Amino acid sequence: MLSCKAIGELLSQKLDRRLSLRERLRLKFHLLICKTCRCYEKQLKFIAHAVQRLMQSSDGAGMPPLSEEAGRRINRNIRQQLNEENSKEPRRRL
Amino acid sequence: MGAASDPSTWVAQHGDALYRYALMKMRDPSQAEDMVQETFLAALKARERFSGQSSEKTWLIGILKHKIIDHFRKHKREQNSDDIEALREQLDQQFDHSGHWKEPLSHWQAPDQAYENREFWQVFSACIAHLPERLADLFILREIKGLSSNEICKLLDISTTNNMWVMLSRGRMRLRNCLDSHWFNRDRDKQNPEAG
């Protein structure tokens, strides 16, 4: 029988790849009799889902906005590049 | 209608969204600002090719993604395999010599409700930030759509996909422990000072 440590590894890899039939059977058997690994499985799924949500939410997670100073600096650089463009060749206005 | 809007309004319109996206991936405010600037300047040059098939924001985020991937490519982080090794040893302590849990894990009460809680996301971000750097990068790169496992391994100097899975497994276990003590069971030690 696989140890809980090995099962924990499989439970995580199950989120990343398709397990072999043999692995799936061993997992199933172990989970039937091991309450802690069942609990770990739930928590791993929660973690994987939370990582996804965190990375995909653009404004969740209480991330701060762009600082005013950085905004001004970037705007300056955009204007500068626009001016350079305009001085090189006349371009249709957007 | 395929024209991009007036570039002098971009920072006001999209600056915050791009910055937050970049900050999430870079975890360093000044690097994230640089990425936003590079994105706008690249978009400026390419704006005549913007077709308007996607929204302007989606178009800009697409450019930003490429900038971030380039950044990871150019500045491979110092290999901190020591950190990852130390983490493995630390996690192994949860198992006895035959590989069974030393102590049962404590149950998490209504975990899905945490999603609605702003404070939870701050704790969770902090947990990710405390992972060894390469592991945190791994979680982040995996969520950038369109980047294959092979490419991620190359960017982070991971020798095989198998190693990547093992790293992810350690990272998730570490995140589980972090959330357990800083969120779901944060009152445990206060309630039972004897238990600690």
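Quantities reported herein were computed from a predicted structural model and do not represent experimental measurements. Per chain, numbering begins at 1; letters A, B, ... match sequence-line order.
- Between His49(A) and Tyr115(B), some side-chain heavy-atom pair lies under the 4.5 Å cut-off.
- Looking only at distances, a side-chain donor or acceptor of Gln43(A) sits under 3.5 Å from a matching main-chain atom of Ser106(B).
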**OP:** Quick one: do Glu9(A) and Arg170(B) satisfy salt bridge (Lys or Arg N to Asp or Glu O under 4.0 Å)? Show the steps, please.
**Re:** CA-CA 8 Å; Glu9(A) 183 71 47; Arg170(B) 287 180 197 157; 5.7 Å; no
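- Shown here for Trp121(B) and Ala50(A), the closest heavy-atom pair between the two residues is CZ3-O, 3.5 Å.
- For the atom pair CD1 (Ile47(A)) and SG (Cys127(B)), the distance works out to 8.0 Å, reported to the nearest 0.5 Å.
- For chain A, the nearby part of Asp92(B) is the side chain; its heavy atoms alone come within less than 4.5 Å.
- Between the CD atom of Gln80(A) and the CG atom of Leu41(B) there is a distance of 9.0 Å, given to the nearest 0.5 Å.
- Heavy atoms of Leu91(B) lying under 4.5 Å from chain A are absent altogether.
- For the pair Pro65(A)/Arg20(B), a side-chain contact is recorded, criterion being any heavy-atom separation below 4.5 Å from C-beta on.
- Distance alone, capped at 3.5 Å, places no donor-acceptor pair between the Lys42(A) side chain and the His107(B) backbone.
- Highest contact tally toward chain A, considering only Leu105(B), Leu168(B), Leu23(B), is held by Leu105(B) [criterion: heavy-atom pairs under 4.5 Å].
- Atom CG of residue Leu44(B) and atom CD1 of residue Ile78(A) lie 6.5 Å apart, to the nearest 0.5 angstrom.
- Using a 4.5 Å cut-off between heavy atoms, Met164(B) makes no contact with chain A at all.
- Taking the centre and axis of the six-membered ring of Tyr40(A), the NZ or CZ atom of Arg176(B) falls outside the cone set by 45° and 6.0 Å.
- Neither the backbone nor the side chain of Leu18(B) comes within less than 4.5 Å of any heavy atom of chain A.
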**OP:** Quick one: do Ser67(A) and Tyr19(B) satisfy side chain to side chain contact (heavy atoms under 4.5 Å, CB included)? Show the steps, please.
**Re:** CA-CA 9 Å; Ser67(A) 73; Tyr19(B) 177 70; over 6 Å; no
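- With contacts defined as side-chain heavy-atom distances shorter than 4.5 Å, the pair Glu33(B)/Arg73(A) qualifies.
- Most heavy-atom pairs under 4.5 Å with chain B, from the set Val51(A), Leu15(A), Leu66(A), Leu2(A): that is Leu66(A).
- In this structure, the separation between OG1 on Thr36(A) and NZ on Lys102(B) is 14.5 Å, given to the nearest 0.5 Å.
- Taking CZ of Arg142(B) as the start and CE of Met55(A) as the end, the distance is 11.0 Å to the nearest 0.5 Å.
- Ile152(B) and Val166(B) fall into different hydrophobic clusters, where Ile, Leu, Val, Met, Phe, Trp and Tyr side chains are chained together by heavy-atom contacts under 4.5 Å.
- A salt bridge between Asp16(A) and Arg172(B) is present, with a side-chain N of the basic residue lying under 4.0 Å from a carboxylate O of the acidic one.
- Remark: Glu89(B) CD is packed, more than 12 non-hydrogen atoms of other residues, nucleotides or ligands lying under 6.0 Å away.
- The two residues Asn75(A) and Ser8(B) come nearest to each other via the heavy atoms OD1-O, 3.7 Å.
- Taking Asn77(A), Ile7(A), Leu44(A) one by one and counting their heavy-atom pairs under 4.5 Å with chain B, the maximum is reached by Asn77(A).
- The aromatic rings of Phe46(A) and Trp108(B) stand perpendicular to each other, their planes meeting at an angle above 60°, with 30° marking the opposite boundary.
- Remark: Lys45(B) does not engage Glu85(A) in a salt bridge, criterion side-chain N to carboxylate O under 4.0 Å.
- In this structure, Arg53(A) CZ and Glu143(B) CD are separated by 13.0 Å, a value rounded to the nearest 0.5 Å.
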Subject >> Working for side chain to side chain contact (heavy atoms under 4.5 Å, CB included), residues Phe95(B) and Ser3(A) >> reply: CA-CA 9 Å; Phe95(B) 300 99; Ser3(A) 67; over 6 Å; no
